[in-house]
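Below, chains carry the letters A, B, ... as their sequence lines are ordered, and counting in each starts from 1. These numbers come from the heavy atoms of this one structure, side chains and all, not from hydrogens, waters or symmetry mates.
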There are 2 protein chains.
Amino acid sequence: MSASNTRRQIVDVADRLFYEHGFEASSFADIARDVGLSRGNFYYHFKTKDEILAAVIAQRISNTRAMLETWEQDTESPSDRILSFVHILIANRTKIMAYGCPVGTLCNELAKLDHVAKDEAAGLLTLFRNWLAGQFAALGRDADADALALHLLMRSQGVATLATAFRDEQFIRREVADIEAWLRTECSAALAADSRHPA
Amino acid sequence: MSASNTRRQIVDVADRLFYEHGFEASSFADIARDVGLSRGNFYYHFKTKDEILAAVIAQRISNTRAMLETWEQDTESPSDRILSFVHILIANRTKIMAYGCPVGTLCNELAKLDHVAKDEAAGLLTLFRNWLAGQFAALGRDADADALALHLLMRSQGVATLATAFRDEQFIRREVADIEAWLRTECSAALAADSRHPA
DNA sequence: GTCTATATGTAGATAGAC
DNA sequence: GTCTATCTACATATAGAC
(Lines give C-alpha, C1' and ligand atoms only; values in the text may rest on other atoms or scores of the structure.)
Protein backbone atom coordinates (compact mmCIF):
# COMPACT_ATOMS: atom_id res chain seq x y z
CA MET A 1 0.00 0.00 0.00
CA SER A 2 1.20 3.54 -0.71
CA ALA A 3 2.58 5.50 2.22
CA SER A 4 -0.02 8.23 1.96
CA ASN A 5 -2.87 5.72 2.00
CA THR A 6 -1.48 3.94 5.04
CA ARG A 7 -0.93 7.27 6.72
CA ARG A 8 -4.51 8.30 6.05
CA GLN A 9 -5.77 5.00 7.45
CA ILE A 10 -3.68 5.46 10.60
CA VAL A 11 -5.08 8.95 11.13
CA ASP A 12 -8.65 7.75 10.55
CA VAL A 13 -8.30 4.90 13.04
CA ALA A 14 -6.48 7.08 15.58
CA ASP A 15 -9.19 9.72 15.23
CA ARG A 16 -11.88 7.17 16.04
CA LEU A 17 -9.97 5.57 18.92
CA PHE A 18 -9.04 8.94 20.47
CA TYR A 19 -12.72 9.85 20.35
CA GLU A 20 -14.10 6.56 21.64
CA HIS A 21 -11.49 5.78 24.29
CA GLY A 22 -9.46 8.95 24.76
CA PHE A 23 -5.94 9.93 23.69
CA GLU A 24 -4.05 8.44 26.65
CA ALA A 25 -6.03 5.22 26.70
CA SER A 26 -5.37 4.55 22.99
CA SER A 27 -2.03 2.83 22.48
CA PHE A 28 0.10 2.41 19.38
CA ALA A 29 -0.74 -1.28 19.56
CA ASP A 30 -4.48 -0.50 19.49
CA ILE A 31 -4.13 1.72 16.43
CA ALA A 32 -1.78 -0.69 14.65
CA ARG A 33 -4.14 -3.62 15.30
CA ASP A 34 -7.17 -1.78 13.86
CA VAL A 35 -5.20 -0.63 10.82
CA GLY A 36 -3.75 -4.11 10.29
CA LEU A 37 -0.14 -3.00 10.73
CA SER A 38 2.71 -4.19 12.89
CA ARG A 39 3.75 -1.90 15.71
CA GLY A 40 7.22 -1.60 14.20
CA ASN A 41 6.03 -0.40 10.82
CA PHE A 42 4.10 2.26 12.59
CA TYR A 43 7.17 4.36 13.15
CA TYR A 44 7.82 4.60 9.45
CA HIS A 45 4.73 6.85 9.28
CA PHE A 46 4.74 8.58 12.68
CA LYS A 47 7.73 9.04 14.94
CA THR A 48 5.82 9.91 18.14
CA LYS A 49 2.32 9.65 19.51
CA ASP A 50 2.13 13.43 19.63
CA GLU A 51 2.70 13.47 15.86
CA ILE A 52 -0.36 11.27 15.39
CA LEU A 53 -2.38 13.55 17.64
CA ALA A 54 -1.28 16.58 15.63
CA ALA A 55 -2.29 14.81 12.41
CA VAL A 56 -5.67 13.86 13.89
CA ILE A 57 -6.36 17.44 14.98
CA ALA A 58 -5.22 18.78 11.60
CA GLN A 59 -7.57 16.37 9.82
CA ARG A 60 -10.44 17.33 12.11
CA ILE A 61 -9.81 21.00 11.39
CA SER A 62 -9.79 20.24 7.67
CA ASN A 63 -13.00 18.19 7.92
CA THR A 64 -14.68 20.85 10.02
CA ARG A 65 -13.81 23.57 7.52
CA ALA A 66 -15.26 21.42 4.76
CA MET A 67 -18.45 20.82 6.77
CA LEU A 68 -18.89 24.52 7.48
CA GLU A 69 -18.41 25.27 3.79
CA THR A 70 -21.01 22.67 2.90
CA TRP A 71 -23.50 24.25 5.29
CA GLU A 72 -22.65 27.61 3.78
CA GLN A 73 -23.39 26.31 0.27
CA ASP A 74 -26.36 24.06 0.97
CA THR A 75 -28.22 26.47 3.22
CA GLU A 76 -29.64 29.82 2.23
CA SER A 77 -30.14 31.71 5.46
CA PRO A 78 -27.88 32.33 8.46
CA SER A 79 -30.58 31.05 10.81
CA ASP A 80 -30.83 27.75 8.93
CA ARG A 81 -27.05 27.48 8.99
CA ILE A 82 -27.07 27.90 12.74
CA LEU A 83 -29.72 25.19 12.90
CA SER A 84 -27.43 22.91 10.88
CA PHE A 85 -24.93 23.24 13.70
CA VAL A 86 -27.53 22.66 16.43
CA HIS A 87 -28.87 19.54 14.74
CA ILE A 88 -25.54 17.73 14.94
CA LEU A 89 -26.64 16.99 18.50
CA ILE A 90 -29.58 15.00 17.13
CA ALA A 91 -27.78 13.43 14.19
CA ASN A 92 -24.85 12.25 16.34
CA ARG A 93 -26.88 11.48 19.47
CA THR A 94 -25.90 7.82 19.69
CA LYS A 95 -22.16 8.49 19.62
CA ILE A 96 -22.56 11.54 21.86
CA MET A 97 -24.42 9.50 24.49
CA ALA A 98 -21.57 6.98 24.44
CA TYR A 99 -18.50 9.20 24.09
CA GLY A 100 -19.53 12.86 24.40
CA CYS A 101 -18.55 15.62 21.99
CA PRO A 102 -15.36 14.73 20.07
CA VAL A 103 -14.08 18.29 20.35
CA GLY A 104 -15.06 19.11 23.93
CA THR A 105 -13.82 15.85 25.40
CA LEU A 106 -10.49 16.13 23.57
CA CYS A 107 -10.03 19.70 24.83
CA ASN A 108 -10.79 18.56 28.37
CA GLU A 109 -8.36 15.65 28.23
CA LEU A 110 -5.52 17.67 26.71
CA ALA A 111 -6.07 20.46 29.26
CA LYS A 112 -5.64 17.96 32.10
CA LEU A 113 -2.54 16.50 30.48
CA ASP A 114 -1.30 20.06 29.93
CA HIS A 115 -0.50 18.75 26.46
CA VAL A 116 1.31 20.93 23.93
CA ALA A 117 -1.56 20.39 21.48
CA LYS A 118 -4.28 21.62 23.83
CA ASP A 119 -4.51 24.98 22.07
CA GLU A 120 -4.66 23.27 18.69
CA ALA A 121 -7.65 21.29 19.94
CA ALA A 122 -9.27 24.47 21.26
CA GLY A 123 -8.74 25.85 17.76
CA LEU A 124 -11.40 23.41 16.59
CA LEU A 125 -13.86 25.13 18.88
CA THR A 126 -12.65 28.47 17.56
CA LEU A 127 -13.57 27.37 14.03
CA PHE A 128 -17.18 26.83 15.11
CA ARG A 129 -17.09 29.98 17.25
CA ASN A 130 -16.03 32.26 14.41
CA TRP A 131 -18.33 30.65 11.88
CA LEU A 132 -21.32 30.92 14.22
CA ALA A 133 -20.40 34.53 15.05
CA GLY A 134 -20.41 35.22 11.30
CA GLN A 135 -23.95 33.84 11.03
CA PHE A 136 -25.18 35.89 13.99
CA ALA A 137 -23.56 38.98 12.49
CA ALA A 138 -25.37 38.27 9.22
CA LEU A 139 -28.58 38.20 11.25
CA GLY A 140 -27.89 41.76 12.35
CA ARG A 141 -26.37 40.94 15.73
CA ASP A 142 -22.91 42.34 14.94
CA ALA A 143 -22.51 43.86 18.39
CA ASP A 144 -22.78 40.59 20.34
CA ALA A 145 -22.22 38.03 17.60
CA ASP A 146 -19.26 36.45 19.38
CA ALA A 147 -21.08 36.25 22.72
CA LEU A 148 -24.05 34.59 21.00
CA ALA A 149 -21.71 32.13 19.28
CA LEU A 150 -20.04 31.24 22.58
CA HIS A 151 -23.43 30.86 24.26
CA LEU A 152 -24.55 28.41 21.59
CA LEU A 153 -21.27 26.48 21.78
CA MET A 154 -21.66 26.42 25.57
CA ARG A 155 -25.10 24.87 25.24
CA SER A 156 -23.97 22.22 22.79
CA GLN A 157 -21.09 21.26 25.10
CA GLY A 158 -23.34 21.13 28.14
CA VAL A 159 -25.93 19.02 26.33
CA ALA A 160 -23.24 16.60 25.15
CA THR A 161 -21.75 16.17 28.64
CA LEU A 162 -25.10 15.51 30.33
CA ALA A 163 -26.25 13.28 27.47
CA THR A 164 -23.18 11.11 28.06
CA ALA A 165 -23.66 10.99 31.83
CA PHE A 166 -27.39 10.21 31.76
CA ARG A 167 -27.67 8.62 28.29
CA ASP A 168 -31.02 10.34 27.86
CA GLU A 169 -32.11 10.93 24.27
CA GLN A 170 -35.26 12.81 25.29
CA PHE A 171 -33.09 15.28 27.20
CA ILE A 172 -31.13 15.99 24.02
CA ARG A 173 -34.30 16.55 21.99
CA ARG A 174 -35.78 18.80 24.67
CA GLU A 175 -32.65 20.94 24.91
CA VAL A 176 -32.37 21.21 21.12
CA ALA A 177 -35.97 22.46 21.04
CA ASP A 178 -35.05 24.92 23.79
CA ILE A 179 -32.07 26.17 21.75
CA GLU A 180 -34.37 26.65 18.76
CA ALA A 181 -36.75 28.67 20.94
CA TRP A 182 -33.80 30.72 22.21
CA LEU A 183 -32.71 31.38 18.62
CA ARG A 184 -36.20 32.61 17.76
CA THR A 185 -36.30 35.09 20.66
CA GLU A 186 -32.71 36.24 20.20
CA CYS A 187 -32.98 36.88 16.50
CA SER A 188 -36.75 37.26 16.12
CA ALA A 189 -36.68 40.07 13.57
CA ALA A 190 -34.09 38.41 11.40
CA LEU A 191 -35.75 35.00 11.69
CA ALA A 192 -39.14 36.43 10.79
CA ALA A 193 -37.65 38.01 7.69
CA ASP A 194 -35.93 34.73 7.04
CA SER A 195 -39.09 32.61 7.09
CA ARG A 196 -40.30 34.57 4.04
CA HIS A 197 -37.33 33.23 2.08
CA PRO A 198 -37.11 29.55 3.01
CA ALA A 199 -34.11 27.66 1.69
CA MET B 1 0.33 7.08 61.33
CA SER B 2 -3.02 5.36 61.78
CA ALA B 3 -4.41 3.41 58.87
CA SER B 4 -7.52 5.52 58.60
CA ASN B 5 -5.52 8.75 58.50
CA THR B 6 -3.21 7.43 55.79
CA ARG B 7 -6.20 6.16 53.87
CA ARG B 8 -7.87 9.55 54.07
CA GLN B 9 -4.68 11.24 52.84
CA ILE B 10 -4.44 8.85 49.92
CA VAL B 11 -8.03 9.56 48.92
CA ASP B 12 -7.50 13.32 49.22
CA VAL B 13 -4.38 13.24 47.06
CA ALA B 14 -5.95 10.86 44.54
CA ASP B 15 -9.02 13.10 44.37
CA ARG B 16 -6.87 16.10 43.52
CA LEU B 17 -4.68 14.25 41.00
CA PHE B 18 -7.66 12.60 39.26
CA TYR B 19 -9.16 16.08 38.90
CA GLU B 20 -6.02 17.88 37.78
CA HIS B 21 -4.54 15.23 35.48
CA GLY B 22 -7.28 12.65 34.97
CA PHE B 23 -7.79 9.13 36.29
CA GLU B 24 -5.71 7.26 33.70
CA ALA B 25 -2.85 9.74 33.75
CA SER B 26 -2.49 9.56 37.55
CA SER B 27 -0.30 6.63 38.56
CA PHE B 28 0.11 4.89 41.91
CA ALA B 29 3.63 6.33 42.00
CA ASP B 30 2.24 9.87 41.59
CA ILE B 31 -0.22 9.41 44.44
CA ALA B 32 2.33 7.69 46.69
CA ARG B 33 4.88 10.46 46.06
CA ASP B 34 2.44 13.23 46.98
CA VAL B 35 1.29 11.38 50.10
CA GLY B 36 4.89 10.63 51.09
CA LEU B 37 4.44 6.89 50.96
CA SER B 38 6.31 4.08 49.25
CA ARG B 39 4.54 2.39 46.36
CA GLY B 40 4.68 -0.91 48.20
CA ASN B 41 2.90 0.33 51.29
CA PHE B 42 0.17 1.58 49.05
CA TYR B 43 -1.31 -1.85 48.61
CA TYR B 44 -1.87 -2.19 52.31
CA HIS B 45 -4.58 0.46 51.94
CA PHE B 46 -5.89 -0.13 48.42
CA LYS B 47 -5.59 -3.33 46.43
CA THR B 48 -6.42 -1.87 43.00
CA LYS B 49 -6.63 1.48 41.30
CA ASP B 50 -10.36 0.97 40.84
CA GLU B 51 -10.69 0.73 44.62
CA ILE B 52 -9.09 4.16 44.98
CA LEU B 53 -11.42 5.55 42.34
CA ALA B 54 -14.42 4.12 44.18
CA ALA B 55 -13.18 5.71 47.41
CA VAL B 56 -12.65 9.05 45.68
CA ILE B 57 -16.15 9.00 44.20
CA ALA B 58 -17.63 7.96 47.56
CA GLN B 59 -15.84 10.84 49.28
CA ARG B 60 -17.01 13.28 46.63
CA ILE B 61 -20.58 12.09 47.09
CA SER B 62 -20.23 12.54 50.84
CA ASN B 63 -18.71 16.01 50.45
CA THR B 64 -21.37 17.02 47.94
CA ARG B 65 -24.16 15.92 50.27
CA ALA B 66 -22.57 17.96 53.06
CA MET B 67 -22.28 21.01 50.78
CA LEU B 68 -25.91 20.76 49.70
CA GLU B 69 -26.96 20.48 53.35
CA THR B 70 -24.91 23.57 54.19
CA TRP B 71 -26.61 25.51 51.42
CA GLU B 72 -29.92 24.25 52.71
CA GLN B 73 -29.14 25.49 56.22
CA ASP B 74 -27.33 28.73 55.42
CA THR B 75 -29.75 29.94 52.77
CA GLU B 76 -33.37 30.85 53.32
CA SER B 77 -34.97 30.75 49.90
CA PRO B 78 -34.88 28.16 47.10
CA SER B 79 -33.82 30.82 44.61
CA ASP B 80 -30.82 31.79 46.74
CA ARG B 81 -29.95 28.12 47.10
CA ILE B 82 -29.97 27.74 43.33
CA LEU B 83 -27.72 30.79 43.14
CA SER B 84 -25.33 29.11 45.58
CA PHE B 85 -24.97 26.36 43.01
CA VAL B 86 -24.53 28.75 40.10
CA HIS B 87 -21.87 30.75 41.90
CA ILE B 88 -19.53 27.77 42.21
CA LEU B 89 -18.60 28.66 38.63
CA ILE B 90 -17.28 32.01 39.85
CA ALA B 91 -15.76 30.78 43.11
CA ASN B 92 -13.88 27.92 41.39
CA ARG B 93 -13.15 29.76 38.15
CA THR B 94 -9.36 29.42 38.35
CA LYS B 95 -9.41 25.63 38.75
CA ILE B 96 -12.24 25.31 36.22
CA MET B 97 -10.27 27.24 33.60
CA ALA B 98 -7.33 24.89 34.19
CA TYR B 99 -9.07 21.52 34.64
CA GLY B 100 -12.78 21.88 33.92
CA CYS B 101 -15.59 20.67 36.15
CA PRO B 102 -14.41 17.85 38.46
CA VAL B 103 -17.67 15.96 37.99
CA GLY B 104 -18.25 16.47 34.28
CA THR B 105 -14.68 15.67 33.24
CA LEU B 106 -14.61 12.52 35.38
CA CYS B 107 -17.92 11.35 33.87
CA ASN B 108 -16.54 11.97 30.39
CA GLU B 109 -13.31 10.10 31.04
CA LEU B 110 -14.99 7.10 32.66
CA ALA B 111 -17.54 6.95 29.83
CA LYS B 112 -14.72 6.70 27.28
CA LEU B 113 -12.96 4.04 29.35
CA ASP B 114 -16.32 2.26 29.70
CA HIS B 115 -15.27 2.00 33.35
CA VAL B 116 -17.39 0.06 35.85
CA ALA B 117 -17.58 3.22 38.02
CA LYS B 118 -18.97 5.47 35.28
CA ASP B 119 -22.50 5.26 36.69
CA GLU B 120 -21.20 6.02 40.20
CA ALA B 121 -19.61 9.19 38.82
CA ALA B 122 -22.83 10.10 37.06
CA GLY B 123 -24.49 9.66 40.47
CA LEU B 124 -22.64 12.80 41.56
CA LEU B 125 -24.48 14.71 38.87
CA THR B 126 -27.71 13.07 40.02
CA LEU B 127 -27.16 14.47 43.51
CA PHE B 128 -27.12 18.00 42.10
CA ARG B 129 -29.94 17.18 39.71
CA ASN B 130 -32.30 16.00 42.45
CA TRP B 131 -31.34 18.77 44.85
CA LEU B 132 -31.87 21.46 42.21
CA ALA B 133 -35.16 19.86 41.17
CA GLY B 134 -36.24 20.10 44.81
CA GLN B 135 -35.49 23.82 44.83
CA PHE B 136 -37.39 24.41 41.60
CA ALA B 137 -40.32 22.43 42.99
CA ALA B 138 -40.25 24.62 46.10
CA LEU B 139 -40.48 27.60 43.75
CA GLY B 140 -43.74 26.21 42.43
CA ARG B 141 -42.34 24.56 39.31
CA ASP B 142 -43.24 21.00 40.31
CA ALA B 143 -44.32 20.04 36.81
CA ASP B 144 -40.95 20.69 35.12
CA ALA B 145 -38.63 20.83 38.13
CA ASP B 146 -36.39 18.02 36.81
CA ALA B 147 -36.16 19.55 33.34
CA LEU B 148 -35.18 22.91 34.86
CA ALA B 149 -32.57 21.18 37.04
CA LEU B 150 -31.09 19.40 34.02
CA HIS B 151 -31.09 22.63 32.04
CA LEU B 152 -29.14 24.39 34.79
CA LEU B 153 -26.71 21.48 35.11
CA MET B 154 -26.31 21.53 31.32
CA ARG B 155 -25.38 25.21 31.41
CA SER B 156 -22.85 24.77 34.20
CA GLN B 157 -21.21 21.90 32.31
CA GLY B 158 -21.11 23.87 29.08
CA VAL B 159 -19.65 26.93 30.77
CA ALA B 160 -16.97 24.80 32.43
CA THR B 161 -15.94 23.11 29.18
CA LEU B 162 -15.64 26.35 27.21
CA ALA B 163 -13.96 28.12 30.12
CA THR B 164 -11.27 25.42 30.04
CA ALA B 165 -10.83 25.58 26.28
CA PHE B 166 -10.67 29.37 26.02
CA ARG B 167 -9.54 30.23 29.58
CA ASP B 168 -11.79 33.27 29.50
CA GLU B 169 -12.92 34.56 32.89
CA GLN B 170 -15.17 37.24 31.38
CA PHE B 171 -17.03 34.53 29.50
CA ILE B 172 -17.77 32.76 32.80
CA ARG B 173 -19.04 35.95 34.42
CA ARG B 174 -21.20 36.80 31.41
CA GLU B 175 -22.77 33.33 31.32
CA VAL B 176 -23.38 33.34 35.08
CA ALA B 177 -25.18 36.67 34.67
CA ASP B 178 -27.17 35.10 31.82
CA ILE B 179 -28.12 32.15 34.04
CA GLU B 180 -29.28 34.59 36.72
CA ALA B 181 -31.42 36.38 34.13
CA TRP B 182 -32.83 33.03 33.01
CA LEU B 183 -33.69 32.16 36.61
CA ARG B 184 -35.53 35.47 36.99
CA THR B 185 -37.66 34.88 33.88
CA GLU B 186 -38.28 31.19 34.60
CA CYS B 187 -39.34 31.67 38.19
CA SER B 188 -40.37 35.32 38.14
CA ALA B 189 -43.39 35.00 40.43
CA ALA B 190 -41.57 32.92 42.99
CA LEU B 191 -38.45 35.08 42.84
CA ALA B 192 -40.49 38.27 43.23
CA ALA B 193 -42.14 36.83 46.32
CA ASP B 194 -38.73 35.72 47.44
CA SER B 195 -37.15 39.18 47.26
CA ARG B 196 -39.54 40.33 49.98
CA HIS B 197 -37.96 37.83 52.36
CA PRO B 198 -34.21 38.16 51.78
CA ALA B 199 -32.02 35.63 53.56
C1' DG C 1 1.94 0.04 59.15
C1' DT C 2 5.81 0.93 56.41
C1' DC C 3 9.67 -0.41 53.92
C1' DT C 4 12.74 -2.60 49.89
C1' DA C 5 12.95 -5.67 46.35
C1' DT C 6 10.80 -7.67 42.75
C1' DA C 7 7.37 -9.86 39.37
C1' DT C 8 4.85 -9.13 35.20
C1' DG C 9 2.73 -6.62 31.64
C1' DT C 10 2.64 -3.07 28.37
C1' DA C 11 3.69 1.48 26.98
C1' DG C 12 6.42 4.27 23.53
C1' DA C 13 10.23 3.85 20.62
C1' DT C 14 14.39 1.73 17.75
C1' DA C 15 17.32 -1.50 14.71
C1' DG C 16 17.89 -4.00 11.09
C1' DA C 17 16.29 -7.98 7.95
C1' DC C 18 13.49 -8.50 3.87
C1' DG D 1 7.02 -0.16 3.05
C1' DT D 2 6.51 -3.84 6.13
C1' DC D 3 8.19 -7.13 9.13
C1' DT D 4 10.35 -9.34 13.66
C1' DA D 5 13.07 -8.67 17.46
C1' DT D 6 14.35 -5.81 20.94
C1' DC D 7 15.20 -1.72 24.11
C1' DT D 8 14.00 1.23 27.99
C1' DA D 9 10.73 3.17 31.01
C1' DC D 10 7.04 2.77 33.82
C1' DA D 11 2.54 0.84 34.90
C1' DT D 12 -0.05 -2.22 38.34
C1' DA D 13 0.70 -5.45 41.64
C1' DT D 14 3.07 -8.88 45.12
C1' DA D 15 6.37 -10.90 48.73
C1' DG D 16 8.48 -10.68 52.61
C1' DA D 17 11.75 -8.11 55.93
C1' DC D 18 11.36 -4.87 59.75
If I take atom [atom1] in residue [X] and atom [atom2] in nucleotide [N], what distance separates them, rounded to the nearest angstrom?
| X | N | atom1 | atom2 | answer |
| --- | --- | --- | --- | --- |
| B/Glu51 | D/dT12 | CD | P | 14 Å |
| B/Phe46 | D/dT14 | CZ | P | 15 Å |
| A/Phe42 | C/dG16 | CZ | C1' | 20 Å |
| B/Glu24 | C/dG12 | CD | P | 11 Å |
| A/Tyr43 | C/dA17 | OH | P | 20 Å |
| A/Arg39 | C/dA11 | CZ | C1' | 10 Å |
| B/Leu37 | D/dT12 | CG | P | 15 Å |
| A/Asp50 | C/dA11 | CG | P | 17 Å |

Taking any heavy-atom pair under 4.0 Å as a contact, classify A/Ser26: base, sugar-phosphate, or nothing.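 Since only primed, P, OP1 and OP2 atoms lie under 4.0 Å of A/Ser26, the category is sugar-phosphate.
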
Is there a side-chain polar atom (N or O) of [X] under 4.0 Å from OP1 or OP2 of [N]?
| X | N | value |
| --- | --- | --- |
| B/Thr6 | C/dG1 | no |
| A/Asn41 | D/dG1 | no |
| A/Ser38 | D/dT2 | no |
| B/Tyr44 | C/dT2 | no |

Describe, in one word, how the ring planes of B/Trp182 and B/His151 are oriented to each other, choosing from parallel (under 30°), tilted (30 to 60°) and perpendicular (over 60°).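 Correct class here is tilted.
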
Should the pair B/His21 and B/Tyr99 be assigned to parallel (<30°), tilted (30 to 60°) or perpendicular (>60°) ring geometry? perpendicular

Nearest to the side chain of B/His45, heavy atoms from C-beta on, is which of D/dA11, D/dA13, C/dT2? C/dT2

Measuring from the side chain of B/Ala29 (C-beta onward, heavy atoms only), which nucleotide among D/dA13, C/dA13, D/dA11 has the closest atom? D/dA11

Less than 3.5 Å apart, any donor N or O on the side chain of B/Gln9 or B/His45 sitting next to an acceptor on the other?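 Judged by distance alone, the side chains do not pair up.
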
Could you tell me if B/Asp12 and B/Gln59 have a donor-acceptor pair between their side chains, going purely by distance under 3.5 Å? yes

Hey, which sits more toward the 5' end of DNA chain C by its nearest nucleotide, B/Gly40 or B/Ser4? B/Ser4

B/Leu152 side chain near B/Ile179 side chain, heavy-atom distance below 4.5 Å: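 Yes. Closest side-chain heavy atoms under 4.5 Å.
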
